[in-house]
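These numbers come from a predicted model, not from an experiment.
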Amino acid sequence: MIDTTPESPPGARQPPSTAREQQSLTLIPGLPNDVGSLILSMVPYSHHARIKQTCKSWNRVLSSKPFFSTFLHRRRNHLLCIFPQDPSIASPFLFDPQNHAWCPLPPMPCNPQVYGLCNFAAVPLGHHLYVLGGSLFDTRSFPIDRPSPSSATFRLSLRDFTWRPRAPMLSPRGSFACAVVPRSGQILVAGGGSRHTMFAAAGTRIRAAERYDARRDRWYPIEGLPGFRAGCVGFVSGGGREFWAMGGYGASRTISGVFPVDEYYRDAAVMELDGDGGWREVGDMWGDGERVRAGKIVVVENDDDDKSDYPGVYMLDGDEILRYDMSTNRWLCESRVPRKAPYNSSFGVVVVNGELYVLTHLCIVDMTETRRSRQHRRAGTLYIQIYNPKKKTWRSLVTKSPFSYPIDINTTVLSSICL
């Protein structure tokens, strides 16, 4: 069919609707879109959410797959993700240490029948962030004040900031060992239970373990832990050949037949991923008379220049940093945090770009009053002390907290992302 619509003569004025459409498709007026796209790619990722609101064309380009792929090949972005509370109620935030910028993330989809999610795992896989399991209160259960484990799995796309539900875990769990197998698109989980942060003890424990295939969106059962274990830390070592579940608690006892007390593990369990998938137990990691309960454990993955297949495993206990020596199966003193945490506060620790970020939230009360409201506004400062394990050096970073309320570092879930 031949188009008989007469062409507009040269120099003729275009209809207003056509001019508006062309203007909406232009990224930066007066510049080709290739140049405009190149300029937008220079903006750090932590500012993308803010500049997407400029216009529809910027939002469309910044959320497109081609632009996102080009942006990721152009630079590496090491980000810190903070979940202060239940992510379906309080929005998590991304922090860019290089540019000192915060980026809000959308809240996770809300289920009106459950509340108070905590002790979940947040792990990065590709350009997605997975939130797995946790402990919560379910209004459909009895008694209502007894926490229940969750099997829910949600995935956040860091390209367009959308949450999507994924296949639930086979066994509901919280406070469990979790690790990503490098270059495989798989996530391993083991152990866990139903303990909630509102209770210092009690709760269930399990020994079940699973493997998640992100490409197929499916969970597969694997051999369970040698014993019931919750509150443990998981990581992959040996070049992706071993899955470790370290620390945690198992059985419990009571004092005077009333107060429950946990029996903490002093060892670790290791699964051989290449062989038959069986577990072997690593002996007591502490000497006689040493501590019973392990602190906060983080893992520093090896970079491309490091020839070792085993990562660095570190523990933060109070203001002391310990390093795990796999050859001797002992924790050794590594360093101390230069500045102690304020009274009635504690430290959180996470690994970002091969360094240990030791965080504490400092609350400052702003006494300024407005005419409409006489309520005191709470401002906060996030004080970060950064330890480089290779150089054995410390440095600090101070940034204004995006949260308008004080956060508890002990219950805050921290995760790092590399885009």
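Crowding of Gln98 atom CD: a count of heavy atoms from other residues, nucleotides or ligands under 6.0 Å not exceeding 12. At most 12 non-hydrogen atoms from other residues, nucleotides or ligands lie less than 6.0 angstrom from NZ of Lys391.
Within the 4.5 Å cutoff, the side chain of His48 has heavy atoms near those of the Phe67 side chain. A heavy-atom distance below 4.5 Å is found between the side chains of Ile187 and Val180. Annotation: side chain of Val313 is in contact with side chain of Met326 (closest heavy-atom distance under 4.5 Å). Using a 4.5 Å heavy-atom cutoff, the side chains of Ile409 and Phe347 are not in contact. At least one side-chain heavy atom of Val189 sits under 4.5 Å from a side-chain heavy atom of Cys178. Put simply, the side chain of Val299 reaches to within 4.5 Å of the side chain of Glu301, judged on heavy atoms. Looking at Pro104 and Pro402, their side chains never come closer than 4.5 Å, going by heavy atoms from C-beta outward. Here the side chains of His361 and Leu382 are in contact, with some heavy-atom distance below 4.5 Å.
For Ala269 against Leu225, the heavy-atom pair with the smallest separation is CB-CD2, 4.1 Å. What you find for Gly348 and Lys296 is that their closest heavy atoms are CA-NZ, 3.9 Å. Considering every non-hydrogen atom in both Trp279 and Ala245, the closest pair reads CZ3-CB, 4.4 Å. Closest approach of Pro92 to Pro84, counting heavy atoms only: CA-CD, 4.3 Å. In terms of heavy atoms, Phe243 sits closest to Gly234 at CE1-CA, 4.2 Å. When all heavy atoms of Leu136 and Tyr115 are compared, the closest pair comes out as CB-O, 3.5 Å.
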Could you walk me through whether Val352 and Phe95 satisfy the side-chain contact (heavy atoms from CB on, under 4.5 Å) test, starting with their C-alpha distance in whole Å, then the side-chain angles of each, then the deciding distance to 0.1 Å, before giving a yes or no? CA-CA 11 Å; Val352 180; Phe95 177 64; over 6 Å; no
Could you go through the salt bridge (Lys or Arg N to Asp or Glu O under 4.0 Å) check for Arg195 and Asp262 one step at a time? CA-CA 12 Å; Arg195 175 168 302 179; Asp262 293 319; 2.6 Å; yes
Apply salt bridge (Lys or Arg N to Asp or Glu O under 4.0 Å) to Arg218 and Asp213, showing your working. CA-CA 6 Å; Arg218 186 175 177 181; Asp213 190 335; over 6 Å; no
Begin from the C-alpha positions of His47 and Cys103 and carry the test side-chain contact (heavy atoms from CB on, under 4.5 Å) through to its verdict. CA-CA 7 Å; His47 295 287; Cys103 174; over 6 Å; no
Under the side-chain contact (heavy atoms from CB on, under 4.5 Å) rule, what do Ile28 and Val35 come out as? Steps first, then yes or no, please. CA-CA 9 Å; Ile28 300 177; Val35 178; over 6 Å; no
Determine whether Leu322 and Leu332 satisfy the following criterion, side-chain contact (heavy atoms from CB on, under 4.5 Å), listing intermediate values before the conclusion. CA-CA 5 Å; Leu322 306 176; Leu332 308 177; over 6 Å; no
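Ring planes of Phe93 and Phe403: perpendicular class, angle over 60° (limits at 30 and 60°). The aromatic rings of Tyr387 and Trp394 sit tilted relative to each other, their planes meeting at an angle between 30° and 60°. By the 30° and 60° cut-offs, the orientation of the rings of Phe154 relative to Trp163 is perpendicular.
Thr197 contributes no side-chain N or O that, together with a main-chain N or O of Thr411, makes up a donor-acceptor pair within less than 3.5 Å. Checked by atom type and distance alone, the side chain of His78 never pairs as donor or acceptor with a backbone atom of Ser416 at under 3.5 Å. Between the Asp86 side chain and the Leu117 main chain, a donor and an acceptor come within less than 3.5 Å of each other. With hydrogens and angles ignored, the 3.5 Å screen pairs no side-chain donor or acceptor of Arg266 with any backbone N or O of Gly283. Checking side-chain atoms of Asp319 against main-chain N and O of Val337 turns up no donor-acceptor pair under 3.5 Å. Checking side-chain atoms of Gln113 against main-chain N and O of Arg140 turns up no donor-acceptor pair under 3.5 Å. Between the Trp244 side chain and the Ser237 main chain, no donor and acceptor come within less than 3.5 Å of each other. With Arg173 contributing its side chain and Gly191 its backbone, the two residues share a donor-acceptor pair below 3.5 Å. Distance alone, capped at 3.5 Å, places no donor-acceptor pair between the Asp160 side chain and the Ser63 backbone. Put simply, the side chain of Tyr45 gets close to the backbone of Leu158: a donor and an acceptor are under 3.5 Å apart.
A salt bridge does not link Lys390 with Glu355: none of the charged nitrogens is closer than 4.0 Å to a carboxylate oxygen. The pair Arg330-Asp325 fails the salt-bridge criterion, with no side-chain N (NZ, NE, NH1 or NH2) lying under 4.0 Å from an Asp/Glu carboxylate O. The pair Glu242-Arg280 meets the salt-bridge criterion, since a charged nitrogen lies less than 4.0 angstrom from a carboxylate oxygen.
We find the CG-CD1 distance between Leu125 and Ile417 to be 11.5 Å, quoted to the nearest 0.5 Å. A distance of 14.0 Å separates OG in Ser175 from CZ in Arg229, rounded to the nearest 0.5 Å. In this structure, CZ in Phe83 is found 11.0 Å from OG1 in Thr412, a value given to the nearest 0.5 Å. Within the model, atoms CZ of Phe161 and CG of Leu156 stand 7.5 Å from one another, a figure rounded to the nearest 0.5 Å. Once rounded to the nearest 0.5 Å, the distance linking CZ of Arg211 with CD of Gln186 reads 4.5 Å. We find the CG-CG distance between Asn99 and Asn77 to be 8.0 Å, quoted to the nearest 0.5 Å.
In the model, Asn119 has no side-chain atom that pairs as donor or acceptor with a side-chain atom of Ser135 under 3.5 Å. Side-chain contact check for Asn329 and Tyr324: at least one donor-acceptor pair (N or O, by modelled atom type) lies under 3.5 Å.
Seen from the ring of Tyr130, Arg166 does not count as a face-on cation partner, given the 6.0 Å and 45° thresholds.
A side chain to side chain contact (heavy atoms under 4.5 Å, CB included) with Trp102 is found for one member of Asp96, Leu94, Ile82, Leu80 and no other, namely Ile82.
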